[in-house]
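To start, the structure itself, in structure tokens.
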Amino acid sequence: MMKKVKCECGHINHEGTVLCEACGKPIEGNQHIDGNDQNKLLNMRYDGSARRSQTYKRTFIDKTWAFFSSVKVGVWLIALALIASAIGTIYPQYMNANTPIPANQYYEQEYGITGQIFYQLGFHELYSSWWFIILIALIGISLVICSIDRVVPLHRALKNQKPKRHEIFVKRQRFFAETENVNQSERKTLIENLKKRRYKITEQDGHIMAEKNRFSRWGPYVNHIGLIIILLAAILRMFPFMYDEGYVWVREGETREVPTTNGEYYIENEKFVYETWDRHDDRFQEALKNEEFDVPSNFQTNAVVYKAKEEVVTGQLPEMEEVKRHEIRLNEPLNVDSYKIYQSGTQLRSEYGRITLSVNNEDGSSLGSFGFLPNNNKREYELNDGYIAYIDSYYPELEFTEEGPSSSSKHPRNPGFVFEVHNPNGDVEGRYFYLGEQIIPLSDDSVYNVDVEDTELITATGLLVQKDHSLIYFLIGAMIFMVGVAQGLYWHHRRVWIHPKEDGSLLIAGHTNKNWYGLKEDIRQAMSDTSLNLVKDQQEKL
Amino acid sequence: MDYHAISSNFLYAAFVLYLIATIFFGATMGNKRTENVKSKAAAIGISVTILGFISHLVAFIVRWIASGHAPIGNMFEFISFFGMMMVFGFIVIYFIYRETTVGLFALPIAVLIIGYGSMFPTEISPLVPSLQSNWLYIHVTTAALGEAILAISFVAGLVYLIKKIDQTSTSKHTTWLEIVLFLLITTLAFIIVTITFNTTGYESTFTKEVAEQETEITYHMPILIEPNDAELVTDGVFTTGFEAPKWMQGEDAGKKLNTLVWSLLVGLGLYGIIRLIVRKRVAAAIQPKLDNVNLEKVDEIMYRAVAIGFPIFTLGALIFAAIWAQEAWGRFWGWDPKEVWALVTWLFYAVFLHLRLGAGWHGEKSAWLAVIGFAIIMMNLIVVNLVIAGIHSYA
Ligand code: HEM
């Protein structure tokens with residue numbers, strides 16, 4: 001059961017209140033909470049309102065609450081996250097290292113003993129390690145609890161405050177001055193001047209409170225709400241309905257399913273454009289002179305997106321319609337539906353798209369030519385006069401093993417194929433092996449001369465496909481954070497109390513949550529045409 | 001004259017104007033001068049500063065015209081821009097607080113930083129595709145502005161410490177303060193060493209096997225530290241024979257270490273000479289000049305700079321950076337070293353604010369934090385770029 005504390009002014013305060021919410025008189029027995037019993041000046045933190053964390057310290061829940069609402073604990077958590085993050089950059093994170101070597105060998109091999117330690121302590125995957133994530137989660141919990149612990153009582157105290165303050169409260173403010181025998185007109189001038197400086201004036205029995213920018217007190221809580229939203233967004237992002245990602249390599253001329261769309265969308269790479277900066281460009285020639293390799297200026301996929309019109313039969317392209325054309329570049333992704341498709345990788349001219357061979361008779365006359373398409377299953381290519389070239393076997397990435405030729409992948413990076421020339425009757429008139437851009441006749445009776453006329457290399461583009469519905473929440477969180485920080489840091493809550501005494505003297509006190517210099521300027525200027533004593537800073541000098 | 005040269009000349013003019021302004025701010029120090037002389041000197045000082053800033057801005061714009069993209073794409077350009085923003089930050093703070101002492105320290109430090117940046121290649125280089133985005137400009141300019149204003153907080157912190165720390169006896173505090181000053185002097189030493197050996201045209205070459213290929217490494221400073229496992233091919237040059245340790249990464253590791261050792265040695269020399277002349281700690285020698293400085297005002301400036309710089313930094317280095325990374329690579333956050341250090345900086349200044357507002361860390365403690373904050377920013381600017389290269393690597 002909460003015990004209430006009644007102040008002599010009549011206001012009823014919550015248990016644990018340090019300064020009466022209405023008149024500010026220190027409440028006896030609670031002064032140790034904010035250290036007021038030892039100090040001349042009142043501690044004005046949260047206006048002396050009752051905070052749960054400072055009031056109840058008995059049960060486990062109380063203690064947990066008090067732990068997480070402490071700024072000291074918050075600062076330690078932030079500091080730990082900071083130090084850990086920094087250590088994590090000493091060597092590359094494994095995910096960014098781009099190496100085929102397993103992590104347990106990579107760090108020792110590359111960086112020696114210190115690398116080994118880095119790996120052993122788990123810093124190679126720091127940012128997804130359980131303890132780092134727990135640390136961030138603790139910061140989140142701390143943010144929520146510490147904000148609730150303060151915002152509610154602070155709000156109550158500011159709402160209940162009265163212009164008429166207890167004399168002790170006024171005298172124990174950091175800015176304070178007393179002037180004797182003040183006449184009415186000077187008092188008026190002061191108030192008018194404060195009004196001009198956009199202070200809101202409230203009055204009670206001749207006591208004045210001038211206040212401005214109270215809203216800035218909510219700044220920290222607003223910014224922490226922003227941070228909490230960002231942390232929540234990060235949690236949401238772990239669910240596939242919020243965030244999904246895929247990667248696909250598409251060769252020039254090829255059409256492939258867009259991953260993560262369940263066969264709804266297909267993408268064609270019509271052409272890949274790779275450009276480099278001109279070494280003779282007037283602007284850049286000085287810099288480019290020293291570059292060993294050409295500096296790229298553009299990676300671009302000319303892409304066409306199709307939408308399937310019918311149910312998809314696996315392994316086959318469905319009937320589809322074009323929905324979008326776009327030149328995908330770095331910094332210029334393609335948007336379709338809720339998907340974004342990014343230019344992400346390239347295998348520049350790494351695969352053969354067409355190999356053109358010409359077949360000639362012994363006398364040099366031509367029997368025609370044909371263009372072998374490595375990415376096509378076509379086996380027969382027509383030559384002149386009813387002759388054909390027949391592809392007998394094909395190895396996209398040719399290598400020789402003990403069992404003879406074989407292929408190490410299905411990508412035509414180093415294609416080899418065996419083909420025959422058939423006459424119109426179907427008789428084999430020659431057998432040849434194409435490998436490494438050369439032709440080797442396989443039978444002695446091969447009557448034709450076959451030459452490589454042309455080879456065409458194609459580029460495969462690597463596209464990152466992403467659906468991310470969480471982005472907007474990150475953005476909202478970030479914006480709220482910015483608003484809160486600006487609110488708290490660019491405006492300051494300032495109050496001036498004007499307290500008349502029976503004997504005709506006037507007590508003036510001022511308080512601000514930050515920027516005392518600015519408050520002093522405000523008061524100085526408001527007093528400029530009066531003979532009032534300027535408030536003194538009662539705090540000991542730094 | 002081409003644009004590039006015009007831009008360089010304006011930058012040079014800015015450099016000189018900043019130094020002149022420093023002298024005028026210096027004239028406002030001390031007890032003996034009358035208020036009238038002081039205010040005149042201050043007025044001239046700030047005017048010359050603004051003139052220098054305009055000249056710097058012109059250099060920036062002309063270079064932009066010349067290259068067709070905002071000149072913030074390599075180390076030289078970025079550091080120069082950072083220096084310009086630092087001067088801008090000082091001008092803003094000056095008009096709020098009218099504190100000439102901050103100018104006396106901010107301008108020479110800005111000059112040091114710009115000078116440091118000018119030691120990197122200054123040719124205009126083209127932008128690689130990932131950098132061709134308006135978000136790059138927005139991100140880099142706001143991040144640099146935020147960092148520069150945070151750097152003003154360091155300047156105020158430094159003034160605070162020089163004035164405040166008890167110099168009558170040696171303590172941890174006096175030692176650390178001397179180290180900070182020594183590092184500033186070492187930056188100057190780096191500039192002097194680089195320019196000196198560039199004008200004498202020193203060169204020596206090593207060959208080293210990197211990834212099974214013979215690579216040439218050219219030194220522009222006499223050899224104190226050789227690259228690890230490399231062969232000196234230039235005849236008849238002096239070498240100490242010391243090698244860079246094996247664990248240092250990158251083919252240029254030896255060269256960078258050589259430069260660092262040179263800078264430290266010459267820095268030590270300079271520091272030693274100063275100590276011989278003044279016959280006390282450097283900070284102790286400066287301290288009496290700051291007799292009239294109002295510590296509370298300086299403390300306020302230190303906090304104010306963080307209060308202004310922190311949100312701008314957040315916007316530029318985290319929010320805009322994330323938007324750009326999302327646009328360019330489809331990942332708004334990738335734990336790249338540069339990103340992590342932006343986060344570290346951000347968290348650090350959050351700690352600064354929490355300690356100040358929540359735990360009442362004012363004055364000296366706060367000032368030390370401001371110094372550490374600046375060290376983190378420099379860490380991000382220099383060490384991360386030059387040593388822990390990530391996708392942002394400029395050099
Ligand atoms: C990385 C995370 C955090 C950031 C960036 C952050 C940022 C800030 C900033 C900028 C302020 C000052 C705003 C102002 O006074 O106008 C502030 C105030 C505050 N923060 Fe945080 N905060 C973070 C985490 C936390 C945590 C974990 C706690 C929990 C203990 C916390 C507790 C507070 C409190 C109590 C204040 C108010 C201080 C006062 O005015 O007396 N913050 N925070």
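By convention in this document, chain letters (A, B, ...) are assigned in the order of the sequence lines, proteins followed by strands, and residues within each chain are numbered from 1.
Remark: Tyr303(B) OH to Asn515(A) CG distance equals 7.5 Å, nearest 0.5 Å. Considering CD of Glu286(A) and CG of Asp2(B), their distance stands at 9.5 Å, rounded to 0.5 Å. Here the NZ-CG distance, from Lys514(A) to Leu353(B), works out to 8.0 Å after rounding to the nearest 0.5 Å. Rounding to the nearest 0.5 Å places CZ of Phe481(A) at 10.5 Å from CG of Leu315(B). Atom CG of residue Leu347(B) and atom CG of residue Leu80(A) lie 11.0 Å apart, to the nearest 0.5 angstrom. Atom CE in Met482(A) sits 10.0 Å away from atom CG in Leu318(B) (nearest 0.5 Å).
With a 4.5 Å cut-off on non-hydrogen atoms, Asn298(A) touches chain B through its backbone but not through its side chain. Neither the backbone nor the side chain of Met479(A) comes within contact range of chain B; no heavy atoms are under 4.5 Å apart. Heavy atoms closer than 4.5 Å to chain B are found in both the backbone and the side chain of Phe299(A). For Ile83(A), no part sits under 4.5 Å from any heavy atom of chain B, backbone or side chain. For Ile341(A), no part lies near chain B; criterion is any non-hydrogen pair under 4.5 Å. In this structure, the portion of Leu464(A) lying under 4.5 Å from any heavy atom of chain B is its side chain and not its backbone. At a 4.5 Å heavy-atom cutoff, the contact between Glu327(B) and chain A is made by backbone and side-chain atoms alike. For Arg304(B), the part lying under 4.5 angstrom from a heavy atom of chain A is the side chain only.
Not a single donor-acceptor pair under 3.5 Å links the side chain of Trp516(A) to the backbone N or O of Glu296(B).
Annotation for Tyr490(A) and Pro311(B): closest pair OH-CG, 3.4 Å, computed over non-hydrogen atoms. Nearest heavy-atom pair, Gly330(B) versus Tyr342(A), reported as atom, atom and distance to 0.1 Å: CA-CZ, 3.3 Å.
For Asn331(A) and Trp324(B), the side-chain atoms include at least one donor-acceptor pair closer than 3.5 Å. There is no side-chain donor-acceptor pair under 3.5 Å between Trp329(B) and Ser344(A). A donor atom on one side chain and an acceptor atom on the other are found under 3.5 Å apart for Gln466(A) and Gln326(B).
Counting heavy-atom pairs under 4.5 Å between each of Ala79(A), Ala86(A), Gly88(A) and chain B puts Ala86(A) at the top. Chosen from Tyr97(B), Phe348(B), Phe332(B), Trp333(B), the residue pairing most often with chain A at heavy-atom distances under 4.5 Å is Phe332(B).
A heavy-atom distance below 4.5 Å is not found between the side chains of Thr314(B) and Val485(A). The closest side-chain heavy-atom distance from Pro129(B) to Ser297(A) is not below 4.5 Å. The shortest side-chain heavy-atom distance between Ile308(B) and Leu489(A) does not fall under the 4.5 Å cut-off.
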Passes side chain to side chain contact (heavy atoms under 4.5 Å, CB included), Leu330(A) versus Gln132(B)? Steps please. CA-CA 8 Å; Leu330(A) 275 166; Gln132(B) 293 165 15; over 6 Å; no

Practice item. Any chance you could lay out the side chain to side chain contact (heavy atoms under 4.5 Å, CB included) test for Leu357(B) and Asn513(A), step after step, and finish with the verdict? Key: CA-CA 8 Å; Leu357(B) 302 169; Asn513(A) 58 334; over 6 Å; no

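Within a 6.0 Å sphere centred on OH of Tyr473(A), heavy atoms belonging to other residues, nucleotides or ligands number 12 at most.
By the 30° and 60° cut-offs, the orientation of the rings of Trp335(B) relative to Tyr127(A) is parallel.
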